[in-house]
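Quick one: this structure, given as structure tokens, is what I'll be asking you about.
Below, chains carry the letters A, B, ... as their sequence lines are ordered, and counting in each starts from 1.
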Amino acid sequence: MRLAWKIFFLTIPLFLLSLTALGTWILQESFQGNLDRERERCFMENQMFQVSYELTWHSLSEESREESVKAIAQGLHRNAGAEAGNIRIYGEDGEEILYQDTPERVATQIQEHLTGDANAGAQIVSQKGRYYAVVLSRSSTGVWIETTRDLTPVFREREHLKTVYQTGAFLITFVMGGLMLGILYLVMGNTRKLSRIARSFASGQYQARANIRSRDEIGRLAEDFNWMARVMKEQMEQLKEEVSRQEAFTSAFSHELKTPLTSIIGYADTIRSMDLSREETDLSADYIYRQGKRLLSLSHKLLDWSALEGKKETFKSLLMTDLIREAARTRGRE
Amino acid sequence: MAKILIVEDEEPISNLIRMNLVKAGYQCGVSMDGEAAADRIQEEDFDLILLDIMLPGLDGYEVLEYAKSREIPVIFLTAMGDTAQKVRGLKLGAEDYISKPFDVAELLARVETVLRRCLKLNQSLRLGEIELFPESRTVLREGHPVALTPKEYELFYLFMRNRNRALYRETIYEHVWGGEYPGTGRTVDLHVQRLKKKLGLEKEIEAIYKVGYRLMG
């Protein structure tokens, strides 16, 4: 099982990690895009309002101007539609609120950062758990126009997507992991099977063959193993035959030795132990001599046999007439 | 004396056995194959059969069975180390076996033992006034028991079974003490001296120069 776990623990965490990294990057890009778009919109809103405001302002007479800030703003705001952000207009001091369409005010530091040339500034602020884009610009008419957009949905969406993605990622990883373990288990199952067959072959079951029919590398290995097993079994049987031939030979030879030896030892013992007549002594000595010769002949035969054992006999077919002619020539009769 | 049939196809060996048995005082017949042996057993009365178990023609085991059916004891000759042969022969009822190559003295000893056991004859071995009783392992001299140690008894028994035969120190040692003769040592000689004294056989047990002893008689 170890290899399977090794593979599993190498790939699955990597998989999960890369999935997470990818997801995070995509989400971040998307989020950033949304954020930028909202800010741009806020800025454009501010600009548009400013332009409309100034146009309207310049078209009005001096006297109507003061009261009209509110009226202009309201009018413009009504036309802007539901998607628009909130507008606030400050007086020339930057403090006095001349118009606002909502009492909720978002604290920003834009005003402090606006230097002489810059007439507009933007900031993204978080307040009471909500996010806002604020654009503050100074109109040529002297008032400050502040546009606020609620960005919270963008952030909320990001959180939501993050959650969805995480769940999805884990689910996918889980499924992948399960699948991978399943496949590995199947594959390893085959290797375990092969391992078992190999062991049983080694322990003497020379009939054992791996019954793995898959067409992959393991199947191929099993095929090769079976082939090897067959070859080994044949060789084993050949060797066994060889051994039993050797044993048969040895025992036959041993027997052939013992018979003459029995005579030699027996007669020699008789001669040395007993009082024998001249005739009996001669007879005994004769037997000893003959049986000794017999042993000698046996040893010669053994020598010849062992010389032949090493070499393979090569048979050639001859014509009978050639053989006879050759034999006659050798005998000098031709 | 007992009549023994030798069944052996190798002529030198059958002659060897016959020569030694005759010298030991037995009557002998020889058959060269199983058929001839069976015929002879049928025609004549034998007290013991010495049978080579590996015979050509009629199987040695069959001769054995036939002899058994005639209630004649059999000692069979077998190839050394062939346990299967030994077991089979003994199971078929042979009295004993001896492997080739054999020590002639040992063959004679077994023959004597089997004959004594089966025939109930020769209950004692006699030498002059001395009588040895193998059944009770006692020795009497002029009717009186002689105190012999176990080794001395075995030694005397060996001499008595191999009369007029030169017994070499190795042979004596192997039969009486068992195991291989150590080559040196005075054990054998000391025992022989004591035996001679106890039984008064100073003249009968003669020493053979350098090699052993012989009991004459």
Side-chain angles (χ1 to χ4, degrees), chain A residues 237 239-306 309, chain B residues 6 8-25 52-56 77-85 98-108 158-159 161-172 174 206 208-217:
Chain A
E237 274 160 11
L239 282 173
K240 277 196 200 158
E241 262 176 57
E242 181 72 38
V243 167
S244 68
R245 252 187 289 138
Q246 284 281 68
E247 280 175 358
F249 174 80
T250 307
S251 93
F253 184 74
S254 171
H255 184 256
E256 278 303 301
L257 265 185
K258 281 191 208 125
T259 311
L261 274 177
T262 306
S263 292
I264 293 171
I265 292 172
Y267 280 109
D269 187 34
T270 305
I271 291 173
R272 74 169 184 170
S273 307
M274 308 290 279
D275 281 330
L276 298 174
S277 68
R278 180 72 216 210
E279 195 190 331
E280 284 169 333
T281 310
D282 287 347
L283 189 65
S284 302
D286 182 54
Y287 276 126
I288 293 173
Y289 179 80
R290 283 182 201 282
Q291 297 301 301
K293 284 290 203 179
R294 181 173 162 185
L295 277 178
L296 190 62
S297 142
L298 189 68
S299 85
H300 283 147
K301 285 205 197 107
L302 179 63
L303 219 62
D304 289 341
W305 184 87
S306 66
E309 256 294 275
Chain B
I6 302 166
E8 166 64 65
D9 63 308
E10 282 270 339
E11 204 257 323
I13 297 179
S14 74
N15 187 61
L16 174 71
I17 298 173
R18 188 189 52 77
M19 204 160 76
N20 281 281
L21 282 178
V22 162
K23 287 215 176 285
D52 177 2
I53 209 80
M54 294 164 294
L55 279 180
L77 306 171
T78 173
M80 180 147 56
D82 198 327
T83 324
Q85 273 186 355
I98 189 162
S99 353
K100 289 195 247 189
F102 49 78
D103 185 34
V104 177
E106 192 171 345
L107 177 68
L108 290 173
L158 183 67
F159 275 124
R161 284 182 301 168
N162 289 282
R163 261 182 268 199
N164 299 312
R165 197 180 177 83
L167 289 171
Y168 286 67
R169 281 202 182 79
E170 296 87 10
T171 315
I172 295 172
E174 275 165 28
E206 102 181 332
I208 305 168
Y209 181 60
K210 279 200 181 185
V211 293
Y213 298 93
R214 183 189 349 238
L215 173 63
M216 315 280 271

- Task: Mind checking salt bridge (Lys or Arg N to Asp or Glu O under 4.0 Å) for B:K100 and listing every partner two or more places apart, or none if nothing turns up?
- Result: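 If we apply the salt bridge (Lys or Arg N to Asp or Glu O under 4.0 Å) test to B:K100, skipping adjacent residues, the hits are B:E8, B:D52.
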
- How many angstroms lie between atom CE of B:M19 and atom CE of A:M274, to the nearest 0.5 angstrom? 8.5 Å

- Non-hydrogen atoms of chain A under 4.5 Å away: do they reach the side chain of B:N164, the backbone, both or neither?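 Only the backbone of B:N164 comes within 4.5 Å of chain A.
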
- A:L283, part contacting chain B, at a heavy-atom distance under 4.5 Å: side chain

- Task: Could you tell me which non-hydrogen atom of B:P101 sits nearest to which non-hydrogen atom of A:I265, and how far apart they are?
- Result: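 In terms of heavy atoms, the two residues are closest at CB-CD1, 4.4 Å.
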
- Item | B:S99 portion near chain A, given a 4.5 angstrom heavy-atom threshold |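 B:S99 has no heavy atom closer than 4.5 Å to chain A.
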
- Query: Under a 4.5 Å heavy-atom cut-off, does chain B meet the side chain of A:S284, its backbone, both or neither?
  - Reply: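 The side chain, not the backbone.
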
- Note on the structure: Taken to the nearest 0.5 Å, the spacing of B:D103 CG from A:D269 CG works out to 5.5 Å

- Message: Holding to ring pair (Phe, Tyr, Trp, His ring centres under 6.0 Å), I want the full list of residues that pass it with A:Y287, two or more places apart in sequence or in another chain.
- Response: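 Only A:Y267 meet the ring pair (Phe, Tyr, Trp, His ring centres under 6.0 Å) criterion with A:Y287.
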
- Looking only at heavy atoms, which two atoms of B:K23 and A:L276 are closest? And how far apart? CE-CD2, 3.2 Å

- Note on the structure: Most contact-rich option vs chain A, by heavy-atom pairs under 4.5 angstrom, among B:N15, B:N20, B:L167, B:V104, is B:N15

- Does B:A24 have any side-chain contact (heavy atoms from CB on, under 4.5 Å) partners at least two apart in sequence or in another chain, and if so, which?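 Testing B:A24 for side-chain contact (heavy atoms from CB on, under 4.5 Å), a comparison that skips the adjacent residues, returns B:Y26, B:L108.
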
- Item | Selection from A:I264, A:L261, A:D275 maximising heavy-atom pairs under 4.5 Å formed with chain B |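 If we count pairs closer than 4.5 Å to chain B, A:D275 comes out on top.
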
- Region of B:N162 that comes under 4.5 Å of a non-hydrogen atom in chain A: neither

- Query: Among residues 288-299 of chain A, which ones touch chain B with a heavy-atom distance under 4.5 Å?
  - Reply: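 Counting heavy atoms that sit under 4.5 Å from chain B, the residues of residues 288-299 of chain A involved are A:Q291, A:R294.
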
